[in-house]
2 protein chains.
Amino acid sequence: MTDALRKYTQEKIQKKDFDCAKEYTLSMFSGKYKIVIIYHLFHDGTMRFNQIQRLLDDATHKMLAQQLKELTADGLVTRREEIANNRKATYYSLTATGESLMPIIEDMFTWGTKRLEALELAGNFKLH
Amino acid sequence: MTDALRKYTQEKIQKKDFDCAKEYTLSMFSGKYKIVIIYHLFHDGTMRFNQIQRLLDDATHKMLAQQLKELTADGLVTRREEIANNRKATYYSLTATGESLMPIIEDMFTWGTKRLEALELAGNFKLH
DNA sequence: CGGTATCCATTCCGATACTG
DNA sequence: CAGTATCGGAATGGATACCG
């Protein structure tokens with residue numbers, strides 16, 4: 001429903017129906033790899049397409065390109081192309097808007113960590 | 001990818017690989033209607049299946065049942081059945097764990113509201 | 001190197017109908 | 001009323017190939 005949610009909120013907004021603020025936010029980072037991309041761009045700074053792909057070893061070329069395109073369209077990420085010696089290099093960076101999502105993502109990290117610890121302690125994963 | 005993400009994090013966790021805390025949190029509420037269900041259960045309190053469905057006028061019976069089942073399995077929601085005069089009534093409430101997600105959801109609401117205002121002011125939606 | 005298009009398997013989800 | 005099963009169309013996403 002990732003893309004579906006993005007389309008859904010965009011359509012709502014175009015119809016001037018703004019009653020979807022949390023869904024809109026969710027649609028910003030619920031795409032495949034999006035959270036991780038944002039997270040890495042924040043902590044590691046500007047990166048090239050291939051650098052990002054190497055970081056996300058399971059990410060498909062196609063999917064990564066698509067997600068970066070959406071992140072750019074949504075204003076969370078900027079693209080900068082450089083061409084030298086017939087070699088193209090594309091650099092991606094977080095925008096201020098993208099950075100402003102980090103507190104939420106950090107909170108999600110904290111919540112998840114605590115929750116997983118609690119479940120582990122409760123023995124729900126049969127780890128011990 | 002909603003369900004895919006849920007499966008993905010569950011598999012990772014079962015393999016004792018806990019390096020997916022933010023994805024795990026995301027998978028808690030990124031299912032169809034999940035955020036809205038949590039939001040309403042928090043603000044309106046315990047509700048029956050049909051009450052929830054009436055609130056989410058576009059929600060399918062099947063989808064709602066499935067999402068509530070997942071929310072229950074994830075420990076965010078509790079189910080209580082009551083049968084009187086051959087009539088079944090199922091009540092859903094938020095658990096403490098479910099409530100602990102609210103700050104994040106409220107932050108998502110705030111972020112989305114501000115962002116949509118900023119875009120509107122910038123004229124990106126051609127509203128004026 | 002980075003981006004896009006095509007093809008195809010898999011998954012999602014709505015409609016419908018059937019149980020207790 | 002609440003939950004589940006089935007079916008079929010739609011959307012997702014991987015593999016691959018092909019442009020700049």
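Keep in mind that the numbers below use all heavy atoms, side chains included, and drop hydrogens, waters and symmetry copies. Proteins come first, then strands; the chains are lettered A, B, ... in the order of their sequence lines, and each starts at number 1.
In this structure, A/Glu70 atom CD and C/dT4 atom C1' are separated by 15 Å, rounded to whole Å. Residue B/Gln67 contributes atom CD, which lies 10 Å from atom C1' of C/dC13 at whole-angstrom precision. Atom CD in B/Gln53 sits roughly 13 Å away from atom C1' in C/dA15 (whole-Å rounding). Going from atom CD1 of B/Ile52 over to atom C1' of D/dA2 covers 12 Å, rounded to whole Å. Between B/Met47 atom CE and D/dA2 atom P the separation is 12 Å, expressed in whole Å. The distance from atom CZ of B/Arg6 to atom C1' of C/dT11 is 15 Å, rounded to the nearest whole Å. Distance, A/Glu82 CD to D/dG20 C1': 17 Å, rounded to whole Å. Atom CD in B/Glu81 sits roughly 10 Å away from atom C1' in C/dG20 (whole-Å rounding).
A salt bridge is absent between B/Arg87 and B/Glu82: the closest approach of a Lys/Arg side-chain nitrogen to an acidic carboxylate oxygen does not fall below 4.0 angstrom. No salt bridge links B/Glu23 with B/Lys12; every basic N to acidic carboxylate O contact stays at or beyond 4.0 Å.
Contact annotation: A/Thr60 does not reach the phosphate of D/dG13 (side-chain N/O to OP1 or OP2, under 4.0 Å). In this structure, B/Lys32 does not reach the C/dT11 phosphate: none of its side-chain N or O atoms is under 4.0 Å from OP1 or OP2. Side-chain nitrogen and oxygen atoms of A/Lys7 include at least one within less than 4.0 Å of the OP1 or OP2 phosphate oxygen of D/dT12. Regarding contacts with the backbone of C/dC1, every side-chain N or O of A/Arg48 stays at 4.0 angstrom or more from both OP1 and OP2.
Taking CG of B/Leu116 as the reference point, atom CG of A/Asp19 lies at 10.5 Å (rounded to 0.5 Å).
Toward the 5′ end of DNA chain C lies the nearest nucleotide of A/Asn50, the other residue of the pair B/Met63 and A/Asn50 mapping further downstream. Looking at which nucleotide of DNA chain D each of B/Arg54 and B/Lys62 is closest to, the 5′-most match is held by B/Arg54. Residues A/Lys88 and A/Gln66 each lie close to DNA chain D; by heavy-atom proximity, the contact nearer the 5' end of the strand is made by A/Gln66.
Of the possible donor and acceptor atoms, one in the side chain of B/Gln51 sits under 3.5 Å from a partner among the backbone N and O of B/Arg48.
Out of D/dC1, C/dG2, D/dA2, the shortest distance to the side chain of B/Arg87 is found at D/dC1. Listed nucleotides D/dC1, C/dG3, C/dC13 differ in distance to A/Tyr92; the shortest reach to its side chain belongs to C/dG3.
With hydrogens and angles ignored, a donor-acceptor pair closer than 3.5 Å exists between the side chain of A/His61 and the base of C/dG3.
A/Lys69 comes within 4.0 angstrom of sugar-phosphate atoms only, judged by non-hydrogen atoms across all strands, and of no base.
Between B/Phe49 and B/Tyr92, the two ring planes are tilted [angle within 30° to 60°].
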